[in-house]
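Worksheet: the structure to be examined is printed underneath.
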Amino acid sequence: MRGALGDVLRRGYADDVAFHVAAGLPGGAFEVALLHYAVDGLLLDLLTTSVDAGFDVEQVVSALVSRLVESATG
């Protein structure tokens, strides 16, 4: 998987950091990395055997983003 996904994931992260900075959003590369780690883990959960925590995916992502923004601006 590393070979197949590595370049795609790194390019996506670099593009997201560039967008984040250009848009003047709070936080920076670290917060974008946190979001990528969390969402990549969520995708793995959805695509493989899930921990089946019983939470709505949209609700989880929304809470994650809200907490990251709070952390970056607080």
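Values reported hereafter were calculated over all heavy atoms of this structure, with side chains retained and with hydrogens, waters and symmetry mates removed. In what follows, residues are counted from 1 in the order of the sequence shown.
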Check whether [X] and [Y] end up in the same hydrophobic cluster, where Ile, Leu, Val, Met, Phe, Trp and Tyr are linked by side-chain heavy atoms less than 4.5 Å apart.
X     : Y     : result
Leu46 : Val51 : no
Val21 : Phe30 : no
Val39 : Leu34 : yes

_Under the criterion side chain to side chain contact (heavy atoms under 4.5 Å, CB included), I'd like the reasoning laid out for Asp56 against Val60: C-alpha separation, chi angles, the key distance, then a yes or no._
CA-CA 6 Å; Asp56 177 68; Val60 168; over 6 Å; no
*Which atom of Leu68 lies closest to which atom of Glu31, heavy atoms considered*: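 The answer is CD1-O, 3.9 Å.
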Using 0.5 Å steps for rounding, measure from the [atom1] atom of [X] to the [atom2] atom of [Y].
X     : Y     : atom1 : atom2 : result
Leu64 : Gln59 : CG    : CD    : 13.0 Å
Asp16 : Arg11 : CG    : CZ    : 12.0 Å
Leu25 : Thr73 : CG    : OG1   : 11.5 Å
Leu44 : Thr49 : CG    : OG1   : 9.0 Å
Leu5  : Arg10 : CG    : CZ    : 10.0 Å
Leu9  : Tyr37 : CG    : OH    : 10.5 Å

*Please report the C-alpha distance between Phe19 and Val32 in whole Å, then the side-chain angles of each, then the deciding distance to 0.1 Å, and finally whether the side chain to side chain contact (heavy atoms under 4.5 Å, CB included) criterion is met.*
CA-CA 10 Å; Phe19 173 82; Val32 174; over 6 Å; no
*If only atom types and distance count, is the side chain of Ser66 paired as donor or acceptor with the main-chain N or O of Ser62 below 3.5 Å?*
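Indeed, once roles are kept as given, a pair shorter than 3.5 Å links the two residues.
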